[in-house]
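The block underneath contains the structure these notes are about, expressed in structure tokens.
Within every chain, numbering begins at 1; the chains are lettered A, B, ... in the order of the sequence lines, protein sequences first and strands thereafter. What's counted below: heavy atoms across the whole structure, side chains too, no hydrogens, waters or symmetry copies. Because the structure is a prediction, the values reported are computed rather than measured.
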Number of protein chains: 2
Amino acid sequence: MARNQQQELKALQDTLYFIGGKWRIPIINSICNGNRRFREIERSIPGITTRMLSKELKEMEQSKLLKRTVYDETPVLVEYAPTEHCRSFGKVIAEMIRWGKGHREVVIRGNKAK
Amino acid sequence: MARNQQQELKALQDTLYFIGGKWRIPIINSICNGNRRFREIERSIPGITTRMLSKELKEMEQSKLLKRTVYDETPVLVEYAPTEHCRSFGKVIAEMIRWGKGHREVVIRGNKAK
DNA sequence: GTAACCAGTATCATGTAGTATACCAGTAAT
DNA sequence: ATTACTGGTATACTACATGATACTGGTTAC
């Protein structure tokens, strides 16, 4: 029950760090829903500033979660696309949604179940 | 692809909020590994302060993730135990570990896979 | 020429999560 | 009586994530 527990905790913290910020999930959501361009993503996420979006997109590109492509048309066009790796995060998201729904019931209704 | 998306995002944010802090996961980990008493938990988590532990335990009790029991022996003994609800979080944790491991490979080794 | 779009960057302000440190009341052992 | 344990609280500080706001350089349209 220990040993590679160290390693698992590390992996866990990586994941937590990755989704740590306030905007990560909304951004992933937006891009996975088909938004591709900077202003488009920005408009799809109420409340986000260009500063935060810019910062997050940069980090996400470095983490290989997004692919940034510059098309040298005129005017220049920049496209952000999710990688497979990013899409693979879907399972984690699904589990979190599942748990979050249950959590809401437990906390709000009090615990009837054991 | 929308509709209850609002609701799902909310559930997701609940979960994120729940694991948001720096110490939540280590504390859950510690308690699920059998630690029960305040100082015991505290010693099992390097770097945590009594203040943070106290604060977190309080919140976690309110969220029905922990059961706090005071045994009026002498000296007084306080026990923290995980609820079923807390243990049910294990699946999320497992998914996060799984993803975190893959993430590490993708980021560190560069992306050979598509 | 000026207004409006694109994809951002730069600078400064603020709030809150977390840290550091000390302390309290009670019990027990030496 | 002093040291060390228990389960915590109180106060002060600090750093970092985020927010607000303005600006840049290029293109297109009127």
Side-chain angles (χ1 to χ4, degrees), chain A residues 9 12-31 33-63 65-82, chain B residues 9 12-31 33-63 65-82:
Chain A
L9 190 59
L12 192 51
Q13 284 170 335
D14 283 355
T15 306
L16 283 171
Y17 179 78
F18 163 65
I19 54 177
K22 182 175 178 183
W23 300 108
R24 274 301 158 88
I25 299 287
I27 291 171
I28 291 177
N29 195 49
S30 170
I31 292 180
N33 277 354
N35 295 306
R36 291 288 176 270
R37 303 186 54 182
F38 193 91
R39 297 295 180 197
E40 193 181 17
I41 298 165
E42 189 177 13
R43 277 189 302 263
S44 76
I45 304 172
I48 200 169
T49 58
T50 56
R51 181 182 177 282
M52 287 312 290
L53 181 56
S54 169
K55 200 175 146 248
E56 295 292 299
L57 289 177
K58 229 173 257 169
E59 281 181 37
M60 290 169 80
E61 195 197 349
Q62 277 175 7
S63 310
L65 289 147
L66 295 180
K67 183 112 202 323
R68 180 175 181 272
T69 315
V70 181
Y71 295 99
D72 215 359
E73 302 169 6
T74 168
V76 73
L77 186 150
V78 180
E79 183 184 273
Y80 293 91
Chain B
L9 190 58
L12 191 51
Q13 284 170 336
D14 283 354
T15 306
L16 282 172
Y17 178 78
F18 163 64
I19 54 176
K22 181 176 179 181
W23 301 108
R24 272 303 158 87
I25 299 287
I27 290 172
I28 291 177
N29 194 49
S30 171
I31 292 179
N33 276 355
N35 295 307
R36 291 288 176 270
R37 305 185 54 181
F38 192 91
R39 297 294 180 194
E40 193 180 17
I41 298 165
E42 188 177 14
R43 278 189 301 262
S44 77
I45 303 171
I48 199 169
T49 58
T50 57
R51 185 182 176 281
M52 287 312 290
L53 181 56
S54 169
K55 201 174 145 247
E56 295 293 298
L57 289 177
K58 229 173 255 168
E59 280 181 38
M60 290 171 80
E61 195 197 350
Q62 277 176 7
S63 309
L65 288 148
L66 295 180
K67 182 114 203 321
R68 180 174 182 273
T69 316
V70 180
Y71 294 99
D72 218 356
E73 301 170 6
T74 168
V76 74
L77 185 149
V78 180
E79 183 184 273
Y80 293 92

**OP:** Would you mind classifying the nucleic acid contact of A/R24 as base, sugar-phosphate or nothing, using non-hydrogen atoms under 4.0 angstrom?
**Re:** nothing
Subject >> Whole-Å gap separating C1' (D/dG8) and CD (B/E40) >> reply: 16 Å
**OP:** Check the distance between C/dT19's C1' and B/I45's CD1 and give it to me in whole angstrom.
**Re:** 16 Å
Original post:
What is the distance from CD1 of A/I27 to P of D/dA17, rounded to the nearest Å?
Top reply: 15 Å
Subject >> Between D/dA17 (P) and B/L16 (CG): distance, integer Å >> reply: 17 Å
Subject >> Value in whole Å for how far the C1' atom of C/dG8 lies from CD of A/E79 >> reply: 17 Å
**OP:** Compare the minimum distances between each of D/dG8, D/dT9, C/dC6 and the side chain of B/F38, then state the nucleotide with the smallest one.
**Re:** D/dG8
**OP:** Compare side-chain N and O positions of A/R68 against OP1 and OP2 of C/dG8 and report whether any pair is under 4.0 Å apart.
**Re:** yes
**OP:** Encode nucleotides 22-30 of chain D as B, S and - characters from 5' to 3', where the letter depends on protein heavy atoms closer than 4.0 Å: B to the base, S only to sugar-phosphate, - to neither.
**Re:** -----SS--
Listing time: all N or O pairs from protein to nucleotides 15-18 of chain C that are below 3.5 Å?
unit_1	atom_1	unit_2	atom_2	d
C/dG18	OP1	B/K22	N	2.7

Original post:
What does A/R36 touch in the nucleic acid at a heavy-atom separation under 4.0 angstrom: a base, only the sugar-phosphate, or nothing?
Top reply: nothing
**OP:** Take atom CD1 of A/I19 and atom C1' of D/dA17, then tell me their distance rounded to the nearest Å.
**Re:** 16 Å
**OP:** Find the distance A/F18:CZ to D/dA17:C1' and express it as a whole number of Å.
**Re:** 17 Å
Original post:
Is there a side-chain contact between A/M60 and A/I28 (heavy atoms, below 4.5 Å)?
Top reply: yes
Original post:
How many angstroms lie between CZ in A/R37 and CD in A/E42, if you round to the nearest 0.5 Å?
Top reply: 13.0 Å
Original post:
Does B/R37 make a side-chain N or O approach to OP1 or OP2 of D/dG8 shorter than 4.0 Å?
Top reply: no
Subject >> Value in whole Å for how far the C1' atom of C/dA28 lies from CG of B/L77 >> reply: 15 Å
